[in-house]
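The block underneath contains the structure these notes are about, expressed in structure tokens.
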Amino acid sequence: MVNGNSTKNEILEKATEIFSMYGYQATTIRMIAEAANVNVASINYHFSSKQQLYLAVMQQAAKEAFHDFPETILTDTTTSSEKKIFLFIRYTLICLLGEDGKGTTFGKLMTFEASSCPSKIGGEILDKTIGSRTRLLENLVRDITHIEQPQQVERITACIVGQTVYFLLSDALTDELFAKAAPKSKEDVDQLCDTIYQFTITALQGMKVDN
């Protein structure tokens, strides 16, 4: 049995694996304890509760996924709005699907959060990651289309985000209806990014309002 920080790290590692496989609701502390070869008391000592352990897992997964996608990418005044939309699409896909299309820990956790059994913690992490970047995306939509009506801007933004999360959240439907479209390699992810961007930018330019 390992001790100190190594015990805590082992618990966190095994908890990440199990939460990614079963989600927050279906995972028990006992399942994690058995996987990490520790007792329940040890988990409570290091993380105090299942909720706090899940929070640590989510925070670590989000940090790893969004390491290369700081919000400053979407606020850089030297980059065009069109380029920033491309970057939003690309980095969101990578954060969720991974560069190889096989999925990230964050993406797998978010799949459970989007199901019928979300956790409060997942919602908070989602808002701080994709949510905060989505609000910046709304500014880019306004800049390109000149549309100011809040509801319309939000709908357009939702359509863009929806394209980036579709292949993460709709595995069964995708496999059944769009098997050839599902990304399964780095090349697939790159092509999917280009396709979503071209579709999006063409639509935005077509919706442009003359002031």
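All residue numbers in this chain count up from 1 along the given sequence.
Within the 4.5 Å cutoff, the side chain of F88 has no heavy atoms near those of the L136 side chain. With a 4.5 Å cut-off on side-chain heavy atoms, T111 and L96 do not count as touching. Inter-residue side-chain proximity for L12 and F47 is flagged as met; some heavy-atom pair is nearer than 4.5 Å. At a threshold of 4.5 Å between non-hydrogen side-chain atoms, the residues V189 and D100 do not count as touching.
Between L53 atom CG and I18 atom CD1 the span is 9.5 Å, to the nearest 0.5 Å. Going from atom OH of Y91 over to atom NE2 of H67 covers 11.0 Å, rounded to the nearest 0.5 Å. The OG atom of S48 sits 11.5 Å away from the CD1 atom of I43 when rounded to the nearest 0.5 Å. We find the OG1-CG distance between T92 and L87 to be 10.0 Å, quoted to the nearest 0.5 Å. Note that CG of N44 and CD of Q52 are 11.5 Å apart. Values are rounded to the nearest 0.5 Å. Atom-to-atom distance recorded for E34:CD and K14:NZ is 13.0 Å, nearest 0.5 angstrom.
Using modelled atom types, one side-chain atom of H146 and one backbone atom of V209 make a donor-acceptor pair closer than 3.5 Å. Distance alone, capped at 3.5 Å, places no donor-acceptor pair between the T164 side chain and the L93 backbone. Checked by atom type and distance alone, the side chain of E113 pairs as donor or acceptor with a backbone atom of S119 at under 3.5 Å. With hydrogens and angles disregarded, a donor-acceptor distance shorter than 3.5 Å links the side chain of T157 to the backbone of V153. K84 places a side-chain N or O within donor-acceptor distance of the main-chain N or O of D76, the cut-off being under 3.5 Å. No donor-acceptor distance shorter than 3.5 angstrom exists from the side chain of D143 to the backbone of N139, with no hydrogens or angles considered. R133 places a side-chain N or O within 3.5 Å of a backbone atom of F69 that can act as its donor or acceptor partner. At distances below 3.5 Å, at least one donor-acceptor pair connects side-chain atoms of S132 with backbone N or O atoms of T129. K50 contributes a side-chain N or O that, together with a main-chain N or O of T27, makes up a donor-acceptor pair within less than 3.5 Å.
Side-chain heavy atoms closer than 4.5 Å link hydrophobic residues (I, L, V, M, F, W, Y) into clusters, and following such links, possibly through other members, connects M21 to I32. Under a hydrophobic-cluster definition in which Ile, Leu, Val, Met, Phe, Trp and Tyr are linked whenever side-chain heavy atoms come within less than 4.5 Å, directly or via other members, I11 and V40 are assigned to the same cluster.
For CD of E71, the number of neighbouring non-hydrogen atoms (other residues, nucleotides, ligands) closer than 6.0 Å is greater than 12. The environment of CD in E187 is sparse: at most 12 heavy-atom neighbours from other residues, nucleotides or ligands sit within 6.0 Å. Atom CD of Q51 has 12 or fewer heavy atoms from other residues, nucleotides or ligands within 6.0 Å.
Across every non-hydrogen atom of L97 and P183, the tightest pair is CD1-CG, 3.8 Å. Nearest heavy atoms, N39 versus A33: C-CB, 4.1 Å. The two residues C95 and A65 have their closest heavy-atom pair at SG-O, 3.0 Å. Closest approach of A62 to I125, counting heavy atoms only: CB-CG2, 3.9 Å. Across every non-hydrogen atom of S42 and T7, the tightest pair is OG-CG2, 3.7 Å. Shown here for V57 and A15, the closest heavy-atom pair between the two residues is CG2-CB, 3.9 Å.
Scored by the side-chain contact (heavy atoms from CB on, under 4.5 Å) test, I94 finds R90, E99 as partners (sequence neighbours excluded).
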Between M110 and L126, does the side chain to side chain contact (heavy atoms under 4.5 Å, CB included) criterion hold? Intermediate values first, please.
CA-CA 8 Å; M110 282 298 106; L126 183 64; 3.5 Å; yes

As a quick check of understanding, evaluate side chain to side chain contact (heavy atoms under 4.5 Å, CB included) for I160 and L137, giving each step before the final call.
CA-CA 9 Å; I160 299 172; L137 179 61; 4.0 Å; yes

Check the pair Y22 / T28 against side chain to side chain contact (heavy atoms under 4.5 Å, CB included), numbers first and verdict last.
CA-CA 10 Å; Y22 301 105; T28 66; over 6 Å; no

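Under the 4.0 Å criterion applied to side-chain N and carboxylate O atoms, D127 and R135 are assigned as salt-bridge partners.
A cation-pi contact, defined as under 6.0 Å to the ring centre and within 45° of the axis, is absent between K120 and Y24.
When ring centroids are compared, F178 and F167 stay outside the 6.0 Å threshold.
Of the residues listed (F112, Y54, F106), the one engaging F19 in a ring pair (Phe, Tyr, Trp, His ring centres under 6.0 Å) is Y54, and it is the only one. Each of I156, T202, I144 was evaluated against M207; a single residue qualifies, I156, per the side-chain contact (heavy atoms from CB on, under 4.5 Å) test.
No hydrogens or angles considered: a donor-acceptor pair under 3.5 Å links the side chains of Q163 and T200.
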